[in-house]
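Here's the structure we're looking at; comments come further down.
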Amino acid sequence: MTMPKFSPLPPARNLTEELTATLAARIRSGELVPAEKLPTEQEMIAAFGVSRTVVREAIAALRAEGLVESRQGAGVFVVGDKRRRPFRLDADGAETVEGVLAIMELRRSVEIEAAGLAAERRGEADLKAIHQAVEAFDAAIASGDAVAADFQFHKAICKATGNPYFSSFLEFLGYHIIPRQTVRVQVSSSEEMTRYLQKVAREHHQIVTAIEARDGAAARRAMGRHLTRGRDRYANLVSTVDG
């Protein structure tokens with residue numbers, strides 16, 4: 001099998017990442033079809049101009065992505081069943097304004113329900129953890145960097161649902177859930193950032209009040225307002241900087 005349509009990779013970034021991205025793109029586009037056998041190591045080494053180590057590491061990365069599978073004695077094949085491929089976020093897309101806003105939209109569908117379930121199911125230990133997280137956020141406002149505390153607050157609410165998949169999903173999203181962490185927004189002054197964080201803090205306290213009262217409906221409304229306002233605040237900040 002030959003690969004005349006491919007050419008040696010440029011040295012612009014890590015060659016393993018470059019080869020992984022190149023093969024993954026061809027699989028996702030359908031250029032490499034399900035059940036198709038990939039070229040051998042030697043063929044890829046010759047076609048791409050990379051080492052055996054790069055090829056093996058790229059194949060391992062594709063296997064971890066669920067895009068290919070190794071068959072004993074037969075070679076490496078494109079996986080046909082897309083259900084076996086893990087959910088992934090496009091790292092490049094998540095670093096754009098549009099990508100961040102799309103992730104925030106995804107968050108709403110998960111975290112609004114998480115807040116309601118947390119209110120209905122939380123125990124005293126859960127409530128204590130939520131209070132500690134919101135207090136840590138309040139304390140971090142003065143520094144202008146409350147990203148870690150913000151993340152901990154949302155994680156504590158997800159944990160209080162008693163459903164581990166809420167926490168796992170949030171862990172998967174990681175700091176992408178905090179938009180000012182993902183795409184840096186330069187505000188005009190530290191005072192402006194303080195006002196921004198103080199608004200966030202007030203919304204946090206409204207969520208906590210509802211969870212403490214075991215009022216699921218109020219918690220859902222409070223979280224919905226918080227995420228909607230957060231999306232709007234962020235969009236406004238970005239448009240102000242771009243303008």
- Find the distance between CG (Asp126) and NZ (Lys128) and round it off to the nearest 0.5 Å. 12.0 Å

- Task: Could you tell me whether Arg220 and Glu120 have a side-chain N and a carboxylate O separated by less than 4.0 Å?
- Result: yes

- Query: With side chains defined as the heavy atoms from C-beta onward, is the minimum distance between His204 and Phe137 less than 4.5 Å?
  - Reply: yes

- Close side-chain approach of Arg108 to Thr228, heavy-atom, < 4.5 Å: yes

- Taking the side chain as every heavy atom from C-beta outward, state whether Arg122 and Glu124 have any pair of such atoms under 4.5 Å apart. yes

- Distance col, row Thr53:OG1 vs Glu41:CD, nearest 0.5 angstrom, shows 9.0 Å

- Nearest non-hydrogen partners of Ala119 and Ala210, listed with the distance: CB-O, 4.0 Å

- Check the pair Glu212 / Arg214 against salt bridge (Lys or Arg N to Asp or Glu O under 4.0 Å), numbers first and verdict last. CA-CA 5 Å; Glu212 192 167 25; Arg214 297 188 183 277; over 6 Å; no

- Item | Shared hydrophobic cluster for Leu117 and Leu127 (ILVMFWY, side-chain gaps under 4.5 Å) | no

- Would you check if there is a donor-acceptor pair between the side chains of His205 and Asp138 at a distance under 3.5 Å? yes

- Could you tell me whether the side chain of Ile157 reaches within less than 4.5 Å of the side chain of Met223, counting heavy atoms only? yes

- Message: For Ala115 versus Ile211, what's the shortest heavy-atom pair and its separation?
- Response: O-CG1, 4.1 Å

- Query: So, for Met104 and Leu227, which heavy atoms are closest and what is the spacing to 0.1 Å?
  - Reply: CE-O, 4.3 Å

- Is Leu197 reachable from Ile207 through a run of I, L, V, M, F, W or Y residues, each pair having side-chain heavy atoms under 4.5 Å apart? no

- Task: Please report the shortest heavy-atom distance between Ala114 and Phe166, naming the atom on each side.
- Result: CB-CD2, 3.7 Å

- Task: Working to the nearest 0.5 Å, report the span between CZ of Arg229 and CZ of Arg202.
- Result: 9.5 Å

- Give the intermediate values and the outcome of side-chain contact (heavy atoms from CB on, under 4.5 Å) for residues Glu111 and Leu170. CA-CA 9 Å; Glu111 290 199 69; Leu170 209 66; 3.9 Å; yes

- Applying salt bridge (Lys or Arg N to Asp or Glu O under 4.0 Å), run through Glu105 and Arg107 and close with a yes or a no. CA-CA 5 Å; Glu105 188 173 87; Arg107 284 181 60 193; over 6 Å; no

- Note on the structure: So OG of Ser143 and CE of Met193: to nearest 0.5 Å the spacing works out to 10.0 Å

- Over all atoms of both residues, closest heavy-atom pair of Val68 and Val79: C-CG2, 3.5 Å

- Task: Could you walk me through whether Arg71 and Lys37 pass the side-chain contact (heavy atoms from CB on, under 4.5 Å) test, one step at a time?
- Result: CA-CA 10 Å; Arg71 299 178 188 172; Lys37 182 180 178 181; over 6 Å; no

- Given Val55 and Leu19, is the side-chain contact (heavy atoms from CB on, under 4.5 Å) satisfied, shown in steps? CA-CA 7 Å; Val55 171; Leu19 180 55; 4.1 Å; yes

- Output, in order, the C-alpha distance, side-chain angles, deciding distance and verdict of side-chain contact (heavy atoms from CB on, under 4.5 Å) for Val200 and Phe153. CA-CA 11 Å; Val200 174; Phe153 173 70; over 6 Å; no

- Message: Does this structure show an ion pair linking Arg225 with Glu203, if we count only N-O contacts that are shorter than 4.0 Å?
- Response: no

- Message: Would the distance check show the side chain of Glu113 and the main-chain N or O of Val110 forming a donor-acceptor pair, the cut-off being under 3.5 Å?
- Response: no

- Identify the heavy atoms of Leu67 and Ala24 that sit nearest to each other, and give their distance. CD1-CB, 3.7 Å

- Item | Beyond-backbone contact of Ile59 with Leu38, side-chain heavy atoms, under 4.5 angstrom | yes

- Pairing of Glu65 and Arg63 as salt bridge, 4.0 angstrom limit: no

- Task: Take His226 and His154 through the ring-ring contact (aromatic ring centres under 6.0 Å, His included) test and state the conclusion after the steps.
- Result: CA-CA 11 Å; His226 172 54; His154 287 275; 5.5 Å; yes

- Message: Any salt bridge linking Lys155 with Glu171? Criterion: basic side-chain nitrogen under 4.0 Å from a carboxylate oxygen.
- Response: yes

- Per side chain to side chain contact (heavy atoms under 4.5 Å, CB included), Val78 is matched among Leu23, Leu62, Ile27 by Ile27

- Item | Gap separating the CZ atom of Phe77 from the CD atom of Glu69, nearest 0.5 angstrom | 8.5 Å

